[in-house]
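Notes follow once the structure below has been shown.
Values below: every heavy atom of this structure, side chains too, minus hydrogens, waters and symmetry copies.
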Amino acid sequence: MAARARRSNRPRAADFTTPLTIPGGAVGGADVVRELAPDVALPVWQTLRSVLMWAGEEPALRGDLFEPCAMEEWEAELLMDTWEPDVRCPLAVLVGELARAAEASAETLARTCLCVTDWALERGHVATALAFAEAAALSWPQQSRYSWMAGRLLRIHGRPKEAEQWLKRAERAASTSKDWEARTLALNSLGNTYAEAGNYKHAIQMHTQALRVAKKHGLREREGEVLHDLFVATAYSGSREAAEEHARGALEVYRSGHPRLLALAHDVAVLWMQHGQFSRALPVFLEISGHFTEPHERLLVIASTARAAGACGEEELYTKLAQEAVTVEQQVPAARLAPRALYHLGLGAWSLNRWAMAEQFLMRAESAARERNEADVTSEAEAALSAVRQRQHAEQKGMYSERKKAGQETLSGRFVATLKSAPELFTEGVLINRRAA
């Protein structure tokens with residue numbers, strides 16, 4: 001049973017509009033309700049709404065928000081019900097904590113909201129996960145890491161504008177509380193947000209600022225991560241020499257055993273491949289390809305390796321990798337299929353003049369990219385597909401010309417042979433080009 005909120009005309013304390021206030025008059029929380037089963041959607045939405053009301057009220061006025069008896073009854077209902085215990089129990093904890101009103105613990109609310117986020121992410125309920133991540137950050141605004149986590153999740157799931165707001169808030173809060181690691185994380189995530197939007201200038205600025213903070217406060221591991229992301233942004237901005245220098249710095253940190261070492265090796269190999277340095281990229285791809293186990297990641301690495309193999313003229317290796325990629329693709333959920341993997345497979349086939357295979361992969365890459373609104377891959381696949389078809393047409397035309405030439409040469413040879421073998425057939429003085437009657 002949802003608690004009845006008491007009305008208040010006093011200003012809210014939240015820095016940002018809460019997720020339930022949607023411009024244009026849309027029903028608040030509609031995304032959450034739509035993606036969940038009916039028996040789960042309503043209690044989840046009601047709990048989210050209650051947490052956000054508590055977070056948005058001035059601390060001194062929170063005692064007037066909820067009726068304690070109603071909250072206790074609601075908590076008991078959640079505890080005694082039978083649906084989805086992995087989310088029902090965290091909801092009960094939230095309701096029980098809200099029953100304490102002004103005495104409720106911000107830390108408990110924030111941590112429990114993230115339990116709901118974890119539950120939702122495991123089941124693919126992205127809107128619910130993001131809403132509760134924001135609720136966690138709003139509940140405990142002094143703790144910058146919750147704001148950073150909300151911003152990072154929003155960025156990963158394609159909501160860069162909201163991500164930027166939360167990450168800026170996280171950076172401010174971390175600076176105030178002197179949490180230098182959190183400040184480094186927030187600045188670096190801001191850089192990644194700008195880089196993904198193609199704003200490499202601002203991305204490099206944020207990464208550079210994050211690097212200064214990490215170095216100043218001896219955050220060696222974070223320094224390596226920032227150098228890694230700075231390498232990516234610098235590479236895409238066109239500064240290849242500076243990018244490789246950042247990669248060397250990241251490798252120095254990672255070489256002692258860092259979980260992002262494989263990702264760094266992959267990113268460096270991709271850079272080399274994009275600049276036509278396939279012989280540098282191929283050995284790195286071959287070394288890392290067996291270490292990726294998630295199907296969507298493995299597919300992308302195999303496809304990149306296949307493209308490099310094709311460009312190096314390693315036809316047998318390309319064939320083996322292309323077959324493996326097709327097998328792995330069957331294990332990748334449709335939502336996670338990367339059009340760029342198909343694009344790389346197409347380019348690898350193109351390098352080996354295997355036009356039919358190249359055309360097939362590139363057509364699929366273009367279609368998948370268009371469906372996912374990945375404009376860069378769409379345009380690249382379209383251009384490559386057009387070039388492949390032109391080359392295929394030219395080669396077919398060339399084959400016809402060769403056959404025609406061969407036929408002409410054969411006919412010429414037959415004439416010569418006939419003339420040599422039957423001179424008695426000639427009649428002296430016959431006019432050239434004289435036609436038969």
Side-chain angles (χ1 to χ4, degrees), residues 14-19 22 31-32 35 110 113-114 116-118 120-122 124-138 140-141 143-175 179 181-211 213-214 222 224-237 259-260 263-264 266-267 270 294 296-297 300 335-336 338-340 372-377:
D15 286 359
F16 299 116
T17 304
T18 69
I22 299 177
D31 289 349
V32 173
E35 73 178 1
C113 280
L114 288 189
V116 181
T117 293
D118 288 341
L121 287 175
E122 288 175 2
H125 305 319
V126 174
T128 302
L130 296 178
F132 274 88
E134 290 183 290
L138 286 165
W140 199 6
Q143 176 49 269
S144 57
R145 297 186 181 227
Y146 285 86
S147 297
W148 167 72
M149 193 172 300
R152 183 171 179 270
L153 284 173
L154 285 160
R155 176 181 67 81
I156 290 171
H157 291 283
R159 290 169 57 177
K161 292 298 183 184
E162 295 99 316
E164 182 181 355
Q165 284 186 320
W166 279 110
L167 293 170
K168 286 181 176 178
R169 177 175 181 174
E171 192 273 330
R172 293 197 303 269
S175 183
D179 186 343
E181 184 178 37
R183 187 168 183 230
T184 301
L185 291 168
L187 287 167
N188 201 47
S189 292
L190 267 173
N192 290 333
T193 304
Y194 293 137
E196 289 173 1
N199 189 346
Y200 300 115
K201 179 181 177 181
H202 279 83
I204 291 170
Q205 290 175 352
M206 291 297 104
H207 290 317
T208 302
Q209 194 173 347
L211 186 60
V213 175
R222 298 305 179 196
E225 294 169 1
V226 175
L227 282 166
H228 182 171
D229 293 332
L230 186 55
F231 152 72
V232 175
T234 307
Y236 278 100
S237 74
R260 291 188 69 191
L264 175 65
H266 172 266
D267 292 343
V270 167
E294 287 293 327
H296 70 284
E297 292 180 344
L300 190 55
R336 305 205 73 179
R340 190 164 290 281
R372 290 163 177 74
N373 295 316
E374 296 186 19
D376 55 341
V377 183

Y146 and W140 aromatic ring geometry - parallel, tilted or perpendicular at 30°/60° bounds: tilted
Main-chain N/O of T128 paired to E35 side chain as donor or acceptor, under 3.5 Å: yes
Exercise: identify the closest heavy-atom pair between L185 and W148: O-NE1, 3.4 Å
Crowding at CZ, R152 (>12 non-hydrogen neighbours, <6.0 Å): no
Ion pair D267/R260, N-O distance below 4.0 Å: no
Results of salt bridge (Lys or Arg N to Asp or Glu O under 4.0 Å) for R155 - residues two or more places apart only: E196
Set of residues satisfying salt bridge (Lys or Arg N to Asp or Glu O under 4.0 Å) with respect to D118, sequence neighbours excluded: none
Atom NE2 of H202: over 12 foreign heavy atoms under 6.0 Å: no
Closest non-hydrogen atom pair between A129 and A120, with its separation: N-CB, 3.6 Å
Close side-chain approach of M149 and W166, heavy atoms under 4.5 Å: no
Residue of the set N188, D229, T234 for which side-chain hydrogen bond (donor to acceptor under 3.5 Å, both in side chains) holds with H207: N188
Smallest separation among heavy atoms of A182 and S144, with atom names: CB-OG, 3.4 Å
Test: E171 and K168 ion pair at under 4.0 Å: no
Criterion side-chain contact (heavy atoms from CB on, under 4.5 Å) on Q209 and R183, from CA distance to verdict: CA-CA 10 Å; Q209 194 173 347; R183 187 168 183 230; 3.3 Å; yes
Taking every non-hydrogen atom, the tightest pair across A233 and I204: CB-CG1, 4.0 Å
Distance-minimising heavy-atom pair for A133 and A150: O-CB, 3.8 Å
Side chain to side chain, L114 and F132, heavy atoms closer than 4.5 Å: no
T117 vs L153 side-chain heavy atoms within contact, under 4.5 Å: yes
Residue pair H157 / L121, side-chain heavy-atom distance below 4.5 Å: yes
Nearest-0.5 Å distance that lies between atom OG1 in T208 and atom CG in L230: 5.0 Å
Pairwise side-chain contact, S147 with R172, heavy-atom cut-off 4.5 Å (strictly under): no
Side chain E294, main chain H296, donor-acceptor under 3.5 Å: no
